[in-house]
Amino acid sequence: MQKVKHFFKFIFSVITMLIVGAASGGYAVAADDLSGDGVQDLGNGGGNIVGGAMSMTKTEQIQDAEWYLKQINKTIVEMKFTGTPIDQILRNASFNKSDSITVKFYSVGQRPLKAVVKTQFNLMTSATPQAIELENDTVLGAMDTCLCLDKDGDFIPGYLSGTDTEDKTRPLMIRVNAVDPGTNRPLIYAVNGKKDTSTGKPFIIPQLDKGTILVRMGRAAAEKDVQTGQYYILPEPEEQYCQRFIMQVEQTVYDRFSKKEVDWSFTRVERMAMEDMRIGMEASGLFGIKSKHAVNAQGNIYTCEGIWYRAGKDIELGRWEVVTDAAGNPLDDGTNQIQELVITEGDLVDLVDQIIEGAGNGSRTKLVFVDKTIYAALCKIKTVNRVRIFEPEKNFNGWGLDFQSFESMGTKLLFYRHDLFNAWGFNGKAFCLDPEYLDKWVFQNWERKEYDLTKLFISNSNAVTMQEFSCWTLGFPDAHARITIPEYKVIPKA
């Protein structure tokens, strides 16, 4: 027992001696065996190893400033366009599934309300219905009734019953008795025209000048009529091609395992690629050219037609005015007078009228995508009768888009600055879209696939592909419009 106690005392003494010696610097490890002066350079200003009783690292002043890690901005600014509004709207709505790359669709249409007289219609000499030549003979059908307007849009007066005296309170109304099967021209007579001397009936139509407007009204059938003219000939089917949009992102094995100076992952690269892909889809959906062709043995290439070309109306908006100083003197750039696009409150009211004019104008809420020139002119409008011209529409319809709203005659125009119009060269242009008659067709829905290109013996990397086979179509062509500004004409300075 005593031997065991002495043994532990001995171990304790040794441990105490080692601790005290180390604290006082009395003990050291073996010295390094260095050549020369005992100094070895690490290189790149990394400090010096000094030989002697013990090894140590001595920090010197580093002359190369690149040694220190520079201040690196950890946040990378992702440069991308501000939005793809139409693509975003369609992704918030349901789409049509197509079983074919070629989409065959019918534009929903209505007969126009107005027909214009092409050649002068002479005064009728009898009550027998006579043919009238119109610019579009298909507007009027058998049994249609029409009001007659002059070139200025004012009604042409009818006649008092049983007389040749004009009735200033009632317009002249005519009826289509039938359609000539040989010429396809309507055969017409008046309902409240001049009195026919032989029959005593008010069937005589006075002279109608070229350009006279016939506004279609309701059909009037006789008591024993059991059929009437066909309401509307179905339009020829139109075709649109679904385009295969595709994007691929790759990351090498070394890039995946390497430490990054910035917070930039493959997921963020993929997101940027997705944004770029959507910008391309927006461009093709709006302004693409329809084609089908083959370049090699990879099969046919389909490109879709943009909805810009499908709109049924063309409208001009605004005017160019010379910029003046406070005294009213025109400003110039040294050679020519400076002009700016001006749009007034009255122009917007007229724009609403033109958009909803005629049959087939669709719903009363329209989206108007404008370029920067038109947007700037809209922002400078000075109101006369309103507190303010536009009302903000935040997150309209849950699309995540903010519009500026203008309302007139029960119709609401929602304006949105589409920066990509200028990027694609459509300067000074806008597009009025009725979202109720915009459709998306999908042959192959959006999909994402991952590939290990190393296993496929292609490259030492991983890849992600994203693709969608789709296209856009418009129904009711007259519900949409292309809007342009007047041509800019240079005015030399005075």
Side-chain angles (χ1 to χ4, degrees), residues 109-233 350 352-361 409-411 478:
Q110 291 178 320
R111 285 188 299 160
L113 289 176
K114 298 178 181 179
V116 179
V117 176
K118 186 176 182 179
T119 58
Q120 178 179 294
F121 180 86
N122 296 320
L123 170 69
M124 291 174 60
T125 57
S126 71
T128 303
Q130 294 185 12
I132 185 170
E133 186 178 5
L134 306 174
E135 291 183 356
N136 184 357
D137 289 329
T138 62
V139 174
L140 301 183
M143 305 181 190
D144 275 333
T145 59
C146 304
L147 291 185
C148 299
L149 310 179
D150 61 23
K151 296 178 182 179
D152 297 326
D154 298 322
F155 72 76
I156 297 173
Y159 294 83
L160 295 174
S161 179
T163 71
D164 289 342
T165 305
E166 290 186 350
D167 185 351
K168 300 295 184 181
T169 62
R170 290 177 175 83
L172 177 67
M173 187 169 80
I174 64 174
R175 179 180 181 269
V176 179
N177 184 61
V179 175
D180 188 325
T183 62
N184 203 37
R185 293 178 181 175
L187 303 175
I188 62 174
Y189 64 92
V191 172
N192 59 338
K194 289 184 176 182
K195 179 182 177 181
D196 177 41
T197 55
S198 60
T199 63
K201 296 180 179 179
F203 288 176
I204 302 300
I205 300 175
Q207 176 181 308
L208 300 178
D209 296 332
K210 177 183 177 181
T212 299
I213 302 170
L214 306 182
V215 184
R216 183 168 54 84
M217 302 176 68
R219 285 184 172 177
E223 293 175 317
K224 295 183 179 180
D225 283 333
V226 293
Q227 68 178 38
T228 183
Q230 187 176 358
Y231 162 69
Y232 190 66
I233 300 174
D350 293 339
V352 171
D353 180 60
Q354 293 178 73
I355 288 174
I356 66 176
E357 181 182 11
N361 55 58
M409 295 181 282
T411 298
D478 282 348

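Here the closest non-hydrogen pair linking A142 and A178 is CB-CA, 4.2 Å. Taking all atoms of both residues into account, the shortest heavy-atom contact from T145 to G218 is OG1-O, 2.5 Å. I204 and A190 make their closest contact through O-CB, 3.8 Å (heavy atoms, listed as atom of the first residue, atom of the second, distance). When every heavy atom of A131 is checked against every heavy atom of F121, the shortest pair comes out as O-CE1, 3.6 Å.
Side-chain contact between I156 and L208 is present, with heavy atoms from C-beta onward closer than 4.5 Å. Contact annotation: the side chain of T119 never approaches that of K210 to less than 4.5 Å [non-hydrogen atoms, C-beta and beyond]. Side chains of P186 and D137 form a contact here, defined as non-hydrogen atoms less than 4.5 Å apart. At least one side-chain heavy atom of L172 sits less than 4.5 Å from a side-chain heavy atom of N192. Residues M143 and R175 form a side-chain contact, since some pair of their non-hydrogen atoms from C-beta on lies under 4.5 Å apart. Side-chain contact between R216 and L140: present, with at least one pair of heavy atoms (C-beta onward) separated by less than 4.5 Å.
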Could you walk me through whether L134 and K118 pass side chain to side chain contact (heavy atoms under 4.5 Å, CB included), step by step?
CA-CA 5 Å; L134 306 174; K118 186 176 182 179; 5.6 Å; no

L123 vs I205, test: side chain to side chain contact (heavy atoms under 4.5 Å, CB included). Steps then yes/no.
CA-CA 6 Å; L123 170 69; I205 300 175; over 6 Å; no

Steps toward side chain to side chain contact (heavy atoms under 4.5 Å, CB included) verdict (K195, D164):
CA-CA 6 Å; K195 179 182 177 181; D164 289 342; 4.2 Å; yes

Show, in sequence, the C-alpha distance, side-chain angles and deciding distance for F155 and L149, and conclude whether the side chain to side chain contact (heavy atoms under 4.5 Å, CB included) test is met.
CA-CA 4 Å; F155 72 76; L149 310 179; 3.7 Å; yes

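In this structure, CG on D196 lies 9.0 Å from NZ on K201, to the nearest 0.5 angstrom. Summarising the geometry, atom CE belonging to M409 is positioned 9.5 Å from atom CD1 belonging to I355; distances are rounded to the nearest 0.5 Å. For the atom pair OH of Y189 and OG1 of T128, the computed distance is 12.5 Å after rounding to the nearest 0.5 Å. One finds the CD1 atom of I132 at 10.5 Å from the CE atom of M124 (value rounded to the nearest 0.5 Å).
Side-chain atoms of D180 never come within 3.5 Å of backbone atoms of L187 as a donor-acceptor pair (strictly under, hydrogens ignored). A donor-acceptor contact shorter than 3.5 Å is absent between the side chain of N136 and the backbone of A115. Judged purely by atom type and a 3.5 angstrom limit, D152 has no side-chain atom pairing as donor or acceptor with the backbone of D154.
None of L214, I213, V215 except one satisfies the side chain to side chain contact (heavy atoms under 4.5 Å, CB included) rule with C148; the exception is L214.
With sequence neighbours left out, the salt bridge (Lys or Arg N to Asp or Glu O under 4.0 Å) criterion links E135 to no other residue.
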